[in-house]
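Remarks on the structure that follows.
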Amino acid sequence: MTTPHRTRNRDDAGKTSRRSLADSAGRIGALLLLAFASACAPATPTGGALSPTPRGSYSWSVEPGDLIRLKNWGAPEQSGDLIVNERGIVLIPTVGHIPVQGMSPDSLERTIVRAFSGRVDASRVDVQILRPITVTGGVRQPNVQIADASASVLSLVAKSGGAIRTGGDSRVFLVRTGTPTREVSVADRIGDLDVRSSDQLYVQDPSFAIRNDVTIRAAYAIVQFIATIVTVYYLIRQN
């Protein structure tokens with residue numbers, strides 16, 4: 001004959017077993033979800049928050065591939081964007097060929113003003129160096145952006161349509177052939193990074209876990225719900 005004491009012990013043991021089963025099912029679901037998230041996360045280097053490069057770290061000088069934006073307010077027909085060829089020479093209308101490679105913005109402006117030989121008022125001539133920079137990776141419109149030294153990395157990403165996936169900070173890397181790839185801050189100015197026209201700014205998507213935080217939490221809740229249903233079904237079958 002079964003005593004009440006023994007029945008109560010079996011009931012307590014059954015409750016403990018049911019709780020243990022539910023806890024185990026929840027832990028298994030969580031581990032499966034974590035494994036899925038880890039498998040989908042890109043293998044990218046991790047590091048602390050980046051500080052912008054100090055201003056004035058580099059002096060931007062003319063190099064082949066640059067554009068020289070010339071505005072001659074006294075003679076608008078002589079204004080335009082002039083390409084520096086592979087030999088570092090630019091052709092200026094009514095003036096001719098001028099070697100400009102390696103010149104600073106101030107030296108370039110003085111050289112062009114002198115080239116007009118007093119035909120224009122120097123105060124009405126404006127010269128600006130522009131550099132074509134390739135923005136690629138996780139942006140909506142990968143392309144070449146024309147930027148001056150004051151442009152920020154973030155502005156070039158925005159002009160390229162912004163990040164494809166939102167939800168987390170996009171990481172940006174400066175890619176240059178023959179040198180190690182380095183991460184840069186989106187607050188950096190192009191002129192402070194010593195960016196060349198042959199370089200690329202590669203935008204890395206936020207990791208799977210960051211951009212899908214809400215989805216992961218929802219999936220975790222679903223896994224817990226399924227685990228509960230399985231546990232209830234098991235208990236019904238036991239009874």
Looking only at heavy atoms, the pair that brings Ile164 and Gly137 closest together is CD1-O, 4.4 Å
Reported CD-to-OG distance for the pair Gln141 and Ser160, which is rounded to 0.5 angstrom: 7.5 Å
Separation of Ser61 OG from Ile129 CD1 (nearest 0.5 Å): 7.0 Å
Using the side-chain contact (heavy atoms from CB on, under 4.5 Å) criterion, which residues pair with Thr94? Sequence neighbours excluded. Gln78, Phe116, Arg119
For residues 98-105, please give each side-chain donor-acceptor pair under 3.5 Å, one per line with the distance, not counting sequence neighbours.
unit_1	atom_1	unit_2	atom_2	d
Ser104	OG	Ser107	N	3.3
Ser104	OG	Ser107	OG	3.2

Would you say that Leu193 contacts Val153 through its side chain, given a criterion of any heavy-atom pair below 4.5 Å between the two side chains? yes
Specify the closest pair of heavy atoms between Ala115 and Val95, including all atoms of both residues, with the distance to one decimal. CB-CG1, 3.5 Å
Report the residues that fulfil side-chain hydrogen bond (donor to acceptor under 3.5 Å, both in side chains) with Ser185, sequence neighbours left out, ordered by chain and then residue number. none
Who are the side-chain contact (heavy atoms from CB on, under 4.5 Å) partners of Val125, not counting sequence neighbours? Leu70, Asn72, Val113, Val120, Val127
State yes or no: do Leu130 and Ile112 share one hydrophobic cluster built from I, L, V, M, F, W and Y residues joined by side-chain heavy-atom distances below 4.5 Å, directly or via other members? no
Please list, chain by chain and in numerical order, all residues satisfying side-chain hydrogen bond (donor to acceptor under 3.5 Å, both in side chains) with Ser198, sequence neighbours excluded. none
Just jot down the side-chain contact (heavy atoms from CB on, under 4.5 Å) partners of Ala149, sequence neighbours excluded, or say none. Trp60
Quick one: list whatever passes side-chain hydrogen bond (donor to acceptor under 3.5 Å, both in side chains) with Asp148, sequence neighbours left out. Gln128, Ser150
Could you name each residue pair satisfying salt bridge (Lys or Arg N to Asp or Glu O under 4.0 Å) that touches residues 88-112, not counting sequence neighbours? none
Sequence neighbours excluded, which residues qualify as side-chain contact (heavy atoms from CB on, under 4.5 Å) partners of Asp199? Leu174, Arg176, Val195, Arg196
Do Thr53 and Asp192 get their side chains close enough for a donor-acceptor pair, meaning under 3.5 Å? no
Once you round to the nearest 0.5 Å, how far does CG of Asp81 lie from CZ of Arg69? 4.0 Å
Begin from the C-alpha positions of Phe173 and Arg182 and carry the test side chain to side chain contact (heavy atoms under 4.5 Å, CB included) through to its verdict. CA-CA 5 Å; Phe173 298 85; Arg182 63 187 175 103; over 6 Å; no
With the side chain counted from C-beta on, respond yes when Val203 and Pro142 share a heavy-atom pair under 4.5 Å apart, and no when they do not. no
Please list every donor-acceptor pair under 3.5 Å in which a side-chain atom of residues 84-91 meets a protein atom from a residue at least two apart or in another chain.
unit_1	atom_1	unit_2	atom_2	d
Asn85	OD1	Arg87	N	2.9
Asn85	OD1	Gly88	N	3.1
Asn85	OD1	Ile89	N	2.9

Among all residues two or more places apart in sequence or in another chain, which pass the side-chain hydrogen bond (donor to acceptor under 3.5 Å, both in side chains) test with Glu63? Ser197
Decide side chain to side chain contact (heavy atoms under 4.5 Å, CB included) for Leu201 and Thr136; before the verdict, give the C-alpha distance in whole Å, the side-chain angles of both, and the deciding distance to 0.1 Å. CA-CA 6 Å; Leu201 289 177; Thr136 186; over 6 Å; no
Decide whether Leu67 and Val135 are clustered together by the hydrophobic rule: side chain heavy atoms of Ile, Leu, Val, Met, Phe, Trp, Tyr closer than 4.5 Å, transitively. no
Linked, directly or transitively: Ile146 and Ile133 (ILVMFWY side chains, under 4.5 Å): no
My understanding is that a hydrophobic cluster links ILVMFWY residues whose side chain heavy atoms are under 4.5 Å apart, including indirect links. Using that, what else belongs to the cluster containing Trp73? none
Distance col, row Ser152:OG vs Ile190:CD1, nearest 0.5 angstrom, shows 7.5 Å
